[in-house]
Amino acid sequence: MYDIAVVGIGPAGANFLRLVDTERYSVAAIDKKAMDGSGGYRKPCGGLLAPDAQRALAKLNLSLPGDVIASPQIFYVKTIDLDSEITKNYQRFYINIDRQKFDVWMMSMIPQSVDVFERAMVRSIREEDGVYRIEVCRGGEVQVIEAKHVIGADGANGIVSRCFFGKTERNLRLSVQEWYEMSNREPVFSCVFDSENCDSYSWFLSKNRSFVFGGAYEIDGASQSFANLKEKLEGHGICLDSPVRREACLVYRLRTPSDFCVGGGSVLMIGEAAGFVSPSSYEGISGALDSSCLLSEVFNDSDEDVLRRYRRTTRGMRRKYTVKIVKSRILNNNLLRKLIMKSGVQSLEIAKQRETGGSSEGLADLTLYNK
Ligand SMILES: Cc1cc2nc3c(=O)[nH]c(=O)nc-3n(C[C@H](O)[C@H](O)[C@H](O)COP(=O)(O)OP(=O)(O)OC[C@H]3O[C@@H](n4cnc5c(N)ncnc54)[C@H](O)[C@@H]3O)c2cc1C
């Protein structure tokens with residue numbers, strides 16, 4: 001029997017495994033994907049490292065390898081409000097990364113002392129007399145892994161929360177992303193508000209030789225909302241035909257402070273599985289790194305009373321995300337957003353593109369993204 005079994009090896013799981021004292025604890029880790037990134041699975045993600053994530057990496061004394069960094073690096077976001085038909089540009093400090101390579105890099109730092117079960121799907125978890133029995137399906141064979149503690153690092157609506165903490169459907173959105181060939185599009189990083197189809201925002205992004213368009217939608221009718229938005233944008237001159245890839249996954253949407261779930265009994269939740277993802281921007285890498293670091297510190301201190309101490313140590317994080325809930329309500333209120341954008345506060349004037357003759361104001365320059 002293991003002391004700790006980690007379900008999910010995304011940024012949260014990998015960082016916890018890197019930091020927890022594996023001389024003191026026997027540790028197993030399980031993920032349905034392959035550790036070298038092969039096998040086709042990739043996490044749908046915008047792949048932007050926000051300042052909070054950069055700060056988390058700095059605190060962990062981690063420097064990004066060059067091959068994780070994508071091209072181009074864009075220093076402002078073009079914010080397009082289809083409700084009020086206002087477009088503004090705002091300075092941003094994101095790093096554009098290749099998310100798949102980022103995950104492989106994080107996984108490469110897991111110590112050899114951890115027993116990693118890769119390409120292994122967790123199907124159920126039960127608790128009996130203080131022992132957690134994790135049923136895993138790997139290459140068609142079913143095996144049971146036993147552990148004293150389970151760490152839920154399996155993202156939005158993962159098996160750990162489904163087994164122990166009930167339904168969370170009202171907090172879920174279906175995120176859809178399509179990838180296009182870059183063709184001769186201008187480099188772009190843009191977000192689009194359209195309250196008819198999306199209760200947050202959708203994004204465009206250049207990534208290496210591709211162009212990504214994605215968003216997070218109410219689960220019922222997500223495909224239709226995505227299609228509606230594409231059609232609307234096409235009406236504004238943005239050509240979104242012939243995607244080379246389409247991907248979708250659930251993403252957690254925090255609505256109230258009571259939506260966090262840091263665990264129960266000897267089950268501890270980290271990363272997006274705990275709710276640490278921004279409801280205003282869906283930025284979740286910083287929450288994954290910060291929460292996994294805090295939980296490893298709690299374990300490295302002692303395995304007594306882990307839940308209570310983890311709950312206490314994540315109080316600051318929960319406060320920070322509560323502020324983000326308020327921010328998301330403001331940004332997603334049509335009137336308030338219109339007033340903020342109209343005021344021009346913190347917006348940037350961007351030099352006109354000679355080729356297109358576009359201006360940085362109004363919808364006219366959306367044609368910038370034409371093929
Ligand atoms: C479309 C989209 C765009 C996003 N863009 C950004 C962005 O630009 N910047 C940013 O910071 N954040 C972004 N996010 C959020 C970010 O991707 C997540 O918050 C972050 O990945 C959370 O990390 P995690 O380790 O908690 O979970 P995940 O990265 O989701 O990792 C969970 C792991 O658990 C494994 N797993 C799940 N279930 C099982 C099972 N039953 N058996 C075995 N293994 C299992 C999965 O294979 C996966 O490896 C985006 C999210 C989406 C959906």
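Fair warning: this is a prediction, and the values are worked out from it, not measured in the lab. Hydrogens, waters and symmetry mates play no part in the numbers below; they use all other heavy atoms, side chains included. Just follow the structure's listing: the first ligand is 1, and inside any ligand the first atom is 1.
- Applying the 4.0 Å criterion to heavy atoms of Tyr282 picks out, from ligand 1, the atoms 6 (C), 12 (N), 13 (C), 14 (N), 15 (C), 50 (C).
- Within the structure, the closest approach of Ala274 to ligand 1 does not fall below 4.0 Å when heavy atoms are considered.
- Nearest protein heavy-atom neighbour of atom 44 (N) of ligand 1: Lys32 N, 3.1 Å.
- Within the 4.5 Å cutoff, the side chain of Asp21 has heavy atoms near those of the Glu23 side chain.
- More than 12 heavy atoms of other residues, nucleotides or ligands shown are found within 6.0 angstrom of CG on Asp67.
- Here the shortest heavy-atom distance to atom 16 (C) of ligand 1, taken over Met107, Glu283, Arg99, belongs to Arg99.
- Geometrically, ligand 1 and Gly13 share no nitrogen or oxygen pair separated by less than 3.5 Å.
- Under a 4.0 Å heavy-atom criterion, Ala50 is not in contact with ligand 1.
- No N or O atom of Ser175 sits closer than 3.5 Å to an N or O atom of ligand 1.
- Salt bridge status for Arg337 with Asp83: present, with a side-chain N to carboxylate O gap under 4.0 Å.
- Protein heavy atom in closest approach to atom 25 (O) of ligand 1: Ala12 N, 2.9 Å.
- Checked against a 6.0 Å centroid threshold, the rings of Phe204 and Phe211 count as neighbours.
- Close contacts between ligand 1 and Met121 involve ligand atoms 40 (C), 41 (N), 42 (N) [criterion: under 4.0 Å to a heavy atom].
- One option in Pro11, Ser281, Ala248, Gly271 has a heavy atom closer to atom 23 (O) of ligand 1 than any other, and that option is Pro11.
- Of the polar atoms of Gly8, none of the N or O atoms is found under 3.5 Å from an N or O of ligand 1, judged by distance alone.
- Among Asp154, Asp31, Ile97, the residue whose heavy atom sits closest to atom 35 (C) of ligand 1 is Asp31.
- Residue Cys249 places a heavy atom under 4.0 Å from ligand 1.
- Geometrically, ligand 1 and Gly46 share a nitrogen or oxygen pair separated by less than 3.5 Å.
- Residue Gly214 places no heavy atom under 4.0 Å from ligand 1.
- The six-membered or imidazole ring of Tyr76 lies away from that of Phe189, with a centre-to-centre distance of 6.0 Å or more.
- Salt-bridge check for Lys232 with Glu234: failed, with every basic side-chain N at 4.0 Å or more from each acidic carboxylate O.
- Proximity to Ala120 (heavy-atom distance under 4.0 Å) selects the following atoms of ligand 1: 42 (N), 43 (C).
- Aromatic ring centroids of Tyr2 and Tyr25 lie 6.0 Å or more apart.
- Residues Val176 and Arg246 have side chains in contact (heavy-atom distance under 4.5 Å, counting atoms from C-beta outward).
- Taking a cut-off of under 4.0 Å to the non-hydrogen atoms of Lys33, the atoms of ligand 1 that pass are 49 (O).
- In this structure the side chain of Leu250 never reaches within 4.5 angstrom of the side chain of Arg173, judged on heavy atoms.
- Interface of Ile285 with ligand 1, defined as ligand atoms under 4.0 Å from a residue heavy atom, comprises 10 (C), 11 (O), 12 (N).
- Two residues are said to be in side-chain contact when any heavy atoms from C-beta on lie closer than 4.5 Å; Leu174 and Tyr217 fail this criterion.
- The nearest protein atom to atom 27 (O) of ligand 1, hydrogens excluded, is given as Gly155 CA, 3.8 Å; this is a heavy-atom distance.
- Residue contacts with ligand 1: Lys43 is placed with a nitrogen or oxygen under 3.5 Å of a nitrogen or oxygen of the ligand (distance criterion only).
- Of the protein's heavy atoms, Gly284 N, 2.9 Å lies nearest to atom 12 (N) of ligand 1.
- In terms of polar-atom proximity, Leu48 is counted as a contact of ligand 1, with an N or O under 3.5 Å from an N or O of the ligand.
- Side-chain rings of Phe276 and Tyr321 approach one another, their centers coming within less than 6.0 Å.
- Taking a cutoff of 4.0 Å between a charged side-chain nitrogen and a carboxylate oxygen, Lys230 and Glu178 qualify as a salt bridge.
- Trp203 counts as a contact of ligand 1, since one of its heavy atoms falls under 4.0 Å from the ligand.
- Closest to atom 2 (C) of ligand 1 by heavy atom, among Ala156, Ala56, Ser292, Pro44, is Pro44.
- Residues Arg312 and Val298 fail the side-chain proximity criterion, which asks for heavy atoms closer than 4.5 Å.
- Of all protein heavy atoms, the one closest to atom 19 (O) of ligand 1 is Glu272 OE1, 2.7 Å.
- At least one donor-acceptor pair under 3.5 Å links the side chain of Glu283 to the backbone N or O of Ile285.
- At under 3.5 Å, not a single nitrogen or oxygen of Val277, backbone or side chain, sits near a nitrogen or oxygen of ligand 1.
- Looking at ligand 1, you'll find an N or O of Val122 within less than 3.5 Å of one of its N or O atoms.
- If you check which protein heavy atom lies closest to atom 31 (O) of ligand 1, you get Gly10 CA, 3.5 Å.
- Side-chain contact check for Met107 versus Trp105: every heavy-atom pair is 4.5 Å or farther apart.
- Atoms of ligand 1 lying under 4.0 Å from any heavy atom of Ala288, numbered from 1 in the order shown and given with element: 23 (O).
- At distances below 3.5 Å, not a single donor-acceptor pair connects side-chain atoms of Lys338 with backbone N or O atoms of Asn333.
- When only non-hydrogen protein atoms are considered, atom 32 (C) of ligand 1 lies nearest to Ala153 O, 3.4 Å.
- Distances below 4.0 Å separate heavy atoms of Ile159 from the following atoms of ligand 1: 41 (N).
- Contact of the Val142 side chain with the Val136 side chain is not registered, since no non-hydrogen atoms from C-beta on lie closer than 4.5 Å.
- Across all non-hydrogen atoms, the minimal contact from Gly284 to Val277 is CA-CG2, 3.9 Å.
- Within the 4.0 Å heavy-atom cutoff, Cys45 counts among the residues contacting ligand 1.
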